[in-house]
Amino acid sequence: MESQPSTPPASPESESALLAVRREKLAKLEAAGINPWGGRFDTSHSIAQIRDSFSEGLQVRAAGRVTACRDMGKTLFFDLSDLEARFQCFFNAKNVPEDTFSTFKNLVDIGDWVGVEGETFITKTGEPSIKVTSLTVLSKSLRPMPDKWHGVADREIKYRQRYLDLMANQRSREVFILRSRMVAEIRTWLQDRGFLEVETPMLQAVPGGAAARPFETFHNALGQPFFLRIAPELYLKRLLVGGFTKVFELNRNFRNEGISRRHNPEFTMLEAYWACADFRQMADLVEDLVCHLAEKFIGSLLIEHKDADGNVTRTIDLSRPWQRTPYRDLLRSIDPLWFDYSPEQRRTRCAELGVEISPAMEDYEVTQQVFEKLIEEKTFNPCFVTHVPAELVPLARQNPDDPSIVDVYELIINGVEISPGYSELNDPIVQRQRLEHQAGEETQKVDEEFLLALEHGMPPAGGIGIGIDRLIMMLTGCDSIRDVVLFPQLKSKD
RNA sequence: GGGCAGUUAGCUCAGUCGGUAGAGCAGCGGACUUUUAAUCCGUUGGUCCUGGGUUCGAGUCCCAGACUGCCUACCA
């Protein structure tokens, strides 16, 4: 790199007249002895508090972003906004010193942060407002805000510059506030039921607990490769061995797989384990939790998904009790003779049913494909699928009466699997066989330290996982995971 | 990985048969002391994603690439 001159290099942006104007205003503020970058500003109320508990004649101090301005000459009305609320400020030349008025009028832009002080009142047209008597510049915005009416429509800008989406699109703000409150509520709800929240390694020497490709990294001091976890399961079970009887972890998993409307490489998973419980109790737990969230935050067990025009496109009915149906019964609803056919006949039926399969698939995978395409993707109201074939779930306990199936449920809502729940396998000898069988197929390593822990005795337990992103999608009606993850993974530019 | 679509002013979007690059909002100048998508008058602003090609002439047609979206594949 050659040494650069002290002035920043000219970029296409720096040539824009819009940006030049803002820089000019910045310089004028500084020249007038006004710090354009503010500092501590003590507020008496949040904007939402002023709005929600409005009374006239109240002296208030509030801070926010200027999001609209209606200039009437000697009076101007501007909107002061933060994440939660918007409130109108009434700014009149006779209420403030002349230099304050001209400063605002000439040098403050939509997008700037300001602090105001004044008295609340109601305008002639009935709008609750603050009659501003003092104004403080808190931060100058050097770039224009998105379109005030359309907001940010460009998906790429929404995701890469989420702050623009948040400042311009109310629905986005609502979804992320709702997500935060729901996640907090999940933690409180579980803690109230005696579950301890724990944190287990995200860097794992052997990535276990699921069958997905991991991200690989390297620890320099140890001279050893590590993997970002694909699931916390095997560590949470070590805690059961150690005597924790009710634990959960709610945090990020990482899977090095395709990205889609329903998949982000890093996603949030709740896993909970309950010693001496079984999958039926775990199903009850999930049903209780999801209904609680819906009632508390949506105010109904009927979840309406709407399109851009506000038309209801789908209604999910969470009314209890939720359907519980064995896997094989669901397949027999597609074809009563499904399990009487030979594997070859099942492949033939797939072609007739319009389900694509590959020749490499095992027989159980052919059946699973039919399940996914013709049942899962078409099931929107909650359905616990039970008595799943053992091949599909290597970490669950086999059914005592029928070893070909395992004691698990898979909860489907909104056409996707939202939560699996197991009666966990605690027999270390059977567990080793099943992991080694799986490892053979997937060329994965077996977590020997996990098996060692099991040999010390893990209590029988119920376990669940809940895909938090998908749960939030279902409850908020978002049809892409990118709309419920603040910064979804995108390919880097350049 | 494969298929389809998109990329034009700061934002939201038009752009017909290949013939001078358009609107609304934002911005800038002006009017207005109760507006709220304020209004009214005037006005600035373009690497038409990038690179090739065809053509007298390309935002427009062709080829390659980038990024994004949707579908698909992979994915307990």
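No N or O donor and acceptor, one from the side chain of Thr125(A) and one from the base of rU34(B), sit under 3.5 Å apart. Side-chain to base pairing of Asp147(A) with rG24(B): one donor and one acceptor N or O lie within less than 3.5 Å of each other.
When rounded to the nearest whole Å, the span between CD of Glu156(A) and P of rA66(B) equals 14 Å. Atom P of nucleotide rC70(B) and atom CZ of Arg155(A) are separated by 6 Å, given to the nearest angstrom. rC71(B) atom C1' lies 9 Å from atom CZ of Arg261(A), rounded to whole Å.
Below 30°, between 30° and 60°, or above 60°: for Phe279(A) and His387(A) the angle between ring planes is above 60°, a perpendicular geometry.
The side chain of Lys148(A) contributes an N or O atom lying less than 4.0 Å from OP1 or OP2 of rA26(B). Here Arg143(A) does not reach the OP1 or OP2 of rC11(B): none of its side-chain N or O atoms lies under 4.0 Å away.
For Tyr159(A), taking side-chain heavy atoms from C-beta onward, the closest of the listed nucleotides rG10(B), rG69(B), rU33(B) is rG69(B). Among the nucleotides rU68(B), rC74(B), rU34(B), the one closest to the side chain of Arg160(A) is rU68(B). Here rU33(B) is the nucleotide among rA73(B), rC70(B), rU33(B) with the atom lying nearest to any side-chain atom of Thr75(A).
Remark: Phe487(A) pairs with Arg162(A) by the side-chain contact (heavy atoms from CB on, under 4.5 Å) rule, at least two apart or across chains.
Taking the centre of each ring, Phe215(A) and Phe227(A) stay at or above the 6.0 Å mark. For Phe90(A) and Phe78(A), the ring centers sit 6.0 Å or farther from each other.
Secondary-structure stems of RNA chain B, taken as three or more successive Watson-Crick or G-U wobble pairs (i with j, i+1 with j-1) under a 3.5 Å distance threshold, comprise B:1-7 with B:66-72, B:10-13 with B:22-25, B:27-31 with B:39-43, B:49-53 with B:61-65.
Lys158(A) comes within 4.0 angstrom of nothing in the nucleic acid, heavy atoms only.
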